[in-house]
Amino acid sequence: MIRYLARRAGHGLLMLFGVSILLFLLFQAAPGDFLSEMKMNSQISPETITMLRAQYGLDQPLPERYWRWLKSSARGDFGYSFAYNTPASTLLWPRARNTLLLSVPALLISWLIAVPLGVLAAGWKGRWADRLFSGGTSALLALPDVLIALLALLVALKTGMFPVGGMTSINAQDQGTWAWLRDLGWHMVLPVAALVVGSLTIILRHVRASVIEVLESSYMRAAEGHGLPRFKLLFGYALPAAANPLISLFGLSVAMLLSVSLLIEVVMSWPGIGPLLLESILARDLFVVIGAVMLSTVFLIAGNLLGDVLLYAFDPRIRRQA
Amino acid sequence: MLDKAPPKNRERTQTLTSGDLGLPKPEPLLRISALSVDYNAAGGNVVHALRNLDLAIAEGETVGVLGESGSGKSSLALALLRLLPKNARVDSGSIEYRGQSVLGFSPARLRDMRGAEVALISQEPALALNPVLSLGKQLADLLLAHGKLTRLEVSARCSEMLRQVGFDDPERILRAYPHELSGGQRQRVAIAQALICRPNLLIADEPLSALDVATQAEIIDLLQRLKRDLGLAILFITHSAGALASLADNIVVMREGEAVARGTIAKLQANQDDYVQRILFPEKSLAQAAHTASTIESGAPLLDVRGLSKRFVQKRMLSRKEFVVQSLDGINLALLPGSTVAVLGRSGSGKSTLARCLAGFETPDAGEILLDGKPAANDKGGRPPVQMIFQDAATSLNPRFTARQIVAEPLEIARWKTDADRTVRAVKLMEEVGLDPDWAARLAGEFSGGQRQRLALARALAAEPRLLVMDEALSGLDMPLQAQMVRLLMDLQSRHGLTYLYISHDLNFISLFAQEVVIMDSGRIVERTTPAKLGESTHPATRELVEAGERLHAPGVEAAV
């Protein structure tokens with residue numbers, strides 16, 4: 001088990017390297033850098049710009065810059081933000097926390113809803129309840145995520161029950177921890193709901209499809225022939241046997257949710273990685289972009305690693321190979 | 001099928017009283033009266049799986065149901081527990097368990113009956129166990145579903161049951177998962193599952209077909225012992241008369257959903273009906289056909305294989321270990337036109353690799369394959385002179401293709417004539433392999449196992465090959481069907497001058513079919529002989545195959561032949 005995980009983690013590390021190199025190359029290929037716009041400003045002398053360039057290390061060749069960045073990253077310091085004039089890590093960590101605050105509950109809620117519903121739909125296959133359900137999920141699937149976010153905003157605006165954006169109210173901090181938490185929770189409702197609606201349908205359809213496939217197997221018929229109760233057949237026998245592809249999907253759904261989350265953060269002005277990434281790309285704030293993308297990659301790898309661990313725990317056949 | 005006379009003997013009472021236990025009640029344990037089951041196949045066709053079937057089983061009695069595949073045996077097993085798939089329905093008739101109508105049971109009553117009163121061992125035991133749950137859980141769940149027992153009692157009962165089916169270390173088995181056991185062990189666990197709630201009736205649907213000979217004998221012994229110890233009634237469904245000879249009190253012979261004969265094995269052996277004889281003695285029906293086998297032409301060989309070698313190297317990522325499997329090691333083989341050569345060997349002896357090299361799926365590392373003196377590999381385009389038939393017709397045919405599409409596909413690839421011509425040819429080929437041309441529009445998935453193998457044969461013939469390579473092409477079929485296929489193959493050979501390379505691990509029909517036998521072991525040809533001299537061989541690899549073949553002959557059948 002440990003060897004298996006170590007190997008998987010090694011693959012993840014290699015992937016991080018690859019992503020970082022790719023990012024540096026892409027930035028190199030893009031025209032201009034953070035200082036290019038200053039050249040337009042006649043009040044800043046070319047000497048100052050050259051000096052700044054040397055100070056930021058932008059005059060160094062690419063391999064040298066990459067090497068420096070790698071060394072500082074190893075210390076947990078992801079370079080410097082040009083725009084905010086602070087270390088990139090102090091910008092990134094709170095943002096990452098905010099993003100996780102949205103995507104982790106959304107992930108859990110959508111799986112907690114999708115699994116039982118999907119299993120039941122598979123058990124009802126062909127009946128009106130299942131047809132209604134399939135129709136509903138296809139309709140939801142056709143909705144773009146932006147539209148879902150905008151609809152959520154519309155709900156907030158029309159009902160006035162929910163905040164239309166942001167993470168906390170302006171004066172929330174003054175009213176004590178409890179009130180602050182409640183305020184935060186209130187702000188989370190709509191973005192999380194939008195995320196759940198966006199990812200739920202895909203998961204649901206996968207759960208339904210793989211349980212249906214298992215239900216047609218001969219061991220399910222044998223189990224039915226043994227007189228086991230229906231609930232046990234569906235949840236105790238069919239679901240574990242169908243879990244294998246679903247667990248892989250769980251790892252992937254982390255990535256899926258993360259990308260949707262970036263979009264929804266921008267639309268609903270949630271101070272996560274999404275808006276930061278957008279701003280820093282526009283400002284060509286090299287190290288912040290790289291840090292943000294690297295963080296997303298880390299989340300993705302962690303999600304897949306979690307999937308691997310779950311797979312190992314659930315499937316005795318995989319346990320044996322590892 | 002319509003010219004068949006209606007079932008002559010409906011001696012229902014005779015099957016009732018054969019048990020010598022002295023029945024306390026006149027009512028049998030299970031009584032099936034005039035049961036008919038229909039399947040709705042695609043395209044609005046209705047297939048009659050069972051027609052007007054009568055059957056009764058008394059307490060402690062063993063009734064055998066004998067029939068070739070497609071005779072409705074499995075539908076019977078499923079109908080009794082109301083496990084028929086959704087496209088099937090009971091058309092008429094009744095099923096009574098201790099005088100209660102099973103067809104009228106509520107879902108709850110049905111659940112109570114399943115597993116606890118009437119238990120099922122399904123056709124493929126290896127697939128009857130959930131792959132991700134421990135065997136202990138799968139056994140315990142049955143007890144928990146059918147009674148109120150404490151954890152301790154449950155685990156004691158499970159261990160005891162596993163001991164009864166012949167496991168010395170039940171604790172290890174309880175913790176194990178299905179993939180950790182052999183096929184025979186899984187079968188025994190499936191039997192333990194079926195019996196753990198002490199049912200009165202066990203329905204065993206082809207419980208032996210997936211097992212090797214030694215395990216088959218073990219399972220029959222086990223069933224006999226359990227029958228004696230537990231007073232179990234058994235409905236034993238099979239295509240092999242041998243298994244029933246020692247086990248069944250009474251036998252019902254089924255054909256196309258109908259009971260065509262019934263009685264003890266001795267009585268059936270005396271029955272002169274063609275079908276009954278064929279199913280009891282599959283080999284016998286072939287003896288006449290053997291005389292028509294074509295004689296070998298002499299002269300230049302059609303296929304000449306020289307020094308063929310192939311090895312496989314398995315590598316793992318991030319590991320330097322390499323596993324080299326020498327699958328073929330200097331094979332020399334020559335086939336005369338119109339002859340049949342059988343290649344025999346255990347699994348893993350390299351015989352399938354040989355077939356794949358000949359058909360061009362694998363590139364050999366060394367050696368050459370000459371067809372009519374020319375290298376075979378260069379022959380690209382057109383219709384290939386070598387065709388292959390695979391073991392499992394079900395997976396070698398696209399289930400979403402119609403029969404016509406399947407047979408016409410090689411012609412289409414070769415761009416042979418027009419679409420209309422190809423259809424005509426496909427229909428003719430279907431006729432040639434004994435398939436009803438009216439079925440050309442049916443999907444491959446709607447054909448039975450034997451019919452699918454015929455379809456695969458028709459597809460192979462479409463390209464007008466000179467050499468047919470058959471890799472275990474008959475092993476998936478039951479004995480009567482194998483006999484039919486062999487007859488068909490011999491017929492086609494004499495008509496088209498085909499050459500056969502027949503690859504197998506068992507000796508069924510070899511003596512009637514092949515002029516030369518080649519024994520392979522670990523990638524080498526270890527012996528060349530004729531079928532008649534196989535028995536005299538002293539080579540250990542050959543002996544092993546011959547002895548396994550002898551054991552495979554069912555005792556009842558052998559005595560009668």
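Proteins get letters first, then strands, A, B, ... in listed order; numbering begins at 1 in each.
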Is it the case that more than 12 heavy atoms not belonging to [X] sit under 6.0 Å from its [atom1] atom?
X	atom1	value
A:Glu213	CD	no
A:Phe314	CZ	no
B:Arg109	CZ	yes
A:Arg221	CZ	no
B:His146	NE2	yes

Item to check | Proximal component of B:Leu78, with respect to chain A [non-hydrogen, under 4.5 Å] | outcome: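 It is the side chain, since no backbone atom gets that close.
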[atom1] of [X] to [atom2] of [Y]: how many Å apart, nearest 0.5 Å?
X	Y	atom1	atom2	answer
A:Glu224	B:Leu120	CD	CG	11.0 Å
A:His226	B:Leu143	NE2	CG	11.5 Å
A:Lys125	B:Lys86	NZ	NZ	6.5 Å

What closest approach, in Å, do [X] and [Y] show between heavy atoms, and which atom pair accounts for it?
X	Y	value
B:Pro131	A:Pro316	O-CG, 3.7 Å
A:Ala241	B:Asn130	CB-OD1, 3.7 Å
B:Ala145	A:Gly227	CB-O, 4.1 Å

Item to check | Among B:Asp141, B:Asp112, B:Val118, residue most engaged with chain A (heavy-atom pairs, under 4.5 Å) | outcome: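 Looking at each option in turn, the highest pair count goes to B:Asp141.
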Checklist entry - Which residue out of B:Leu110, B:Leu81, B:Leu133, B:Leu144 racks up the most heavy-atom pairs below 4.5 Å with chain A? => result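 Most heavy-atom pairs under 4.5 Å with chain A: B:Leu133.
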